[in-house]
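Below, chain A is the first sequence line, B the second, and so on; all start at residue 1. Atom set for the values below is all heavy atoms of this structure, side chains included, hydrogens, waters and symmetry mates excluded.
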Number of protein chains: 2
Amino acid sequence: MSIDQSARRGIPEVTVARLPEYLRALRGFAEQGTTSISSEDLAAATGVRSAKVRKDLSQLGSYGVRGVGYDVDHLAYQISLALGQTHDWPVAIVGMGNLGRALAAYRGFATKGFRIVALLDQNELLHGERIAGLVVRPVTDLPELVLEGLAIGVIATPADSAQDVSDRLVDAGVRSILNFAPTMLTVPDGVVVRKVDLSTELQILAFHEQRKVEPPTHLQEARA
Amino acid sequence: MSIDQSARRGIPEVTVARLPEYLRALRGFAEQGTTSISSEDLAAATGVRSAKVRKDLSQLGSYGVRGVGYDVDHLAYQISLALGQTHDWPVAIVGMGNLGRALAAYRGFATKGFRIVALLDQNELLHGERIAGLVVRPVTDLPELVLEGLAIGVIATPADSAQDVSDRLVDAGVRSILNFAPTMLTVPDGVVVRKVDLSTELQILAFHEQRKVEPPTHLQEARA
DNA sequence: TAGATTGTTAATCGATTAACAATC
DNA sequence: TAGATTGTTAATCGATTAACAATC
């Protein structure tokens, strides 16, 4: 997958995925007025082992002080730097169904440095409709949006149009895609896709739920 | 984390997470009328290496035939059995903000064996409101719902009430939780929590996006 | 100095991959 | 039998963890 490739020689993908969690915890400490913390404190706040915390943070640089700990503000700054939160990233959402509308209205993005600059849909009946303060536009506007700085595309369409939308995003020059459609996207090298699949998450929970309910038959034969 | 614990001696969590993907691909093959496939075919359809496909499937049992491949319908049946898709799982969504409403209206769950049986909110002004064919209820109804079979709780509240809602779900007897709130939940052993964090996903994309834009300075000193 | 805590090394664990014997 | 493909073994890779020297 393109993600691993992009992580080559850099910070491990698993570490990157934990950085936002650390940052969130640090913001919490800062709000409480805590100015210095240990890896143990950060571990407790994030549910990660302290050795892992230290290992993760050491990937970014040496921002702690032995015998003392980490300066909350400085560490938060360094992590936000690593995550590219120094400026706002323009985001476009494609697909104005229930999920797309909910994402468009979601307040949480702005505080994390993401600015929703466009809402798009392939259905021209929706064009011009006003949602969350933005006017719905056709996907053919994508090249123009990329020229204006669009960096990240969010796909919230049904499965059957997701690949087409993905191709249009890629052709327009978008290289980071968050895919909510329950389908695998094929993209060229250099494009990073992350997938969020709501049904899959529930299916994984159902797997565990089932394990609990049934007697622990490790020999699964007798079932069917 | 509770998930790893529950996977002890069983199918590895990473494998479980791929099963829904295989199942989706198999359903696709079945629709096209394909009755038999090789691990190579399934690998191509899911973007996974064929060796991994075989290893994953062998965790469930020996459902292939050497020299021939896998029977599409039989394999799909076995996977859906493992995932607990033999019956519907009752799901409740707590938090009727934008995201909660979108999830309530989402069509994709039903086809995967999930039935949304209740919509809850702590704000009593919303009680009685009708959303997606269901009436919004107070969270104090949870014990009653569990008695009626409720198995999975979805938390779609703001961060600051998520832990409280989680506690109420757990107290009522729910042991599988899908958390959309951007906060870490503390739950007792035996309760499985999966977290979907939209901002975190975007932050991970921003990390990669930033790496692309900047010159590949592997010596990060010169930046700050 | 004594106590605390980082950053890093080495050990462990688990997941991925390649390779191939088993077998249709 | 010859060809194909699984299921599994062994090798590799990467991530986690424990432990501790460095150092405030």
*Asks:* Using a distance-only test with no angle check, is there a side-chain donor-acceptor pair under 3.5 angstrom linking B:Glu13 and A:His208?
*Replies:*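 On atom types as modelled, these side chains qualify, holding a pair under 3.5 Å.
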*Asks:* Are OP1 or OP2 of D:dA15 and a side-chain N or O of A:Arg18 less than 4.0 angstrom apart?
*Replies:*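 Indeed not, no polar side-chain atom of A:Arg18 lies that close.
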*Asks:* What is the pairing partner of C:dT12, taking Watson-Crick or G-U wobble pairs with both distances under 3.5 Å in any strand?
*Replies:*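 Per the H-bond distance test, D:dA15.
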*Asks:* Verify whether one side chain among B:Ser161 and B:Asp164 offers a donor that lies under 3.5 Å from an acceptor in the other.
*Replies:*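 Their side chains do not contain a donor-acceptor pair, so the 3.5 Å distance test is not met.
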*Asks:* Can a donor-acceptor pair be found between the side chains of A:Thr46 and A:Glu21 at a distance below 3.5 Å?
*Replies:*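 No, no side-chain donor-acceptor pair sits under 3.5 Å.
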*Asks:* Verify the distance criterion only: is there a donor paired with an acceptor across the side chains of B:Tyr22 and B:Asp56 at less than 3.5 Å?
*Replies:*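 Indeed, the side chains of B:Tyr22 and B:Asp56 share at least one donor-acceptor pair under 3.5 Å.
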*Asks:* Using a 4.0 Å heavy-atom cut-off, write out nucleotides 5-12 of chain C from 5' to 3' as B (base contacted by protein), S (sugar-phosphate only) or - (no contact).
*Replies:* BBBBBB--
*Asks:* A:Arg49 has an atom CZ; how far is it from atom C1' of D:dA15, in whole Å?
*Replies:*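 Rounded to whole Å, this separation is 14 Å.
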*Asks:* Please name the residue in the list A:Lys195, A:Arg194, A:Lys112 that meets the salt bridge (charged side-chain N to carboxylate O under 4.0 Å, His left out) test with B:Glu201.
*Replies:*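 When salt bridge (charged side-chain N to carboxylate O under 4.0 Å, His left out) is applied between B:Glu201 and each of A:Lys195, A:Arg194, A:Lys112, only A:Arg194 qualifies.
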*Asks:* A:Asp197 and A:Gln203: side-chain donor and acceptor closer than 3.5 Å?
*Replies:*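 Judged by distance alone, the side chains do not pair up.
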*Asks:* Who is the Watson-Crick or G-U wobble partner of D:dA22, with both distances under 3.5 Å?
*Replies:*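 Its partner is C:dT5.
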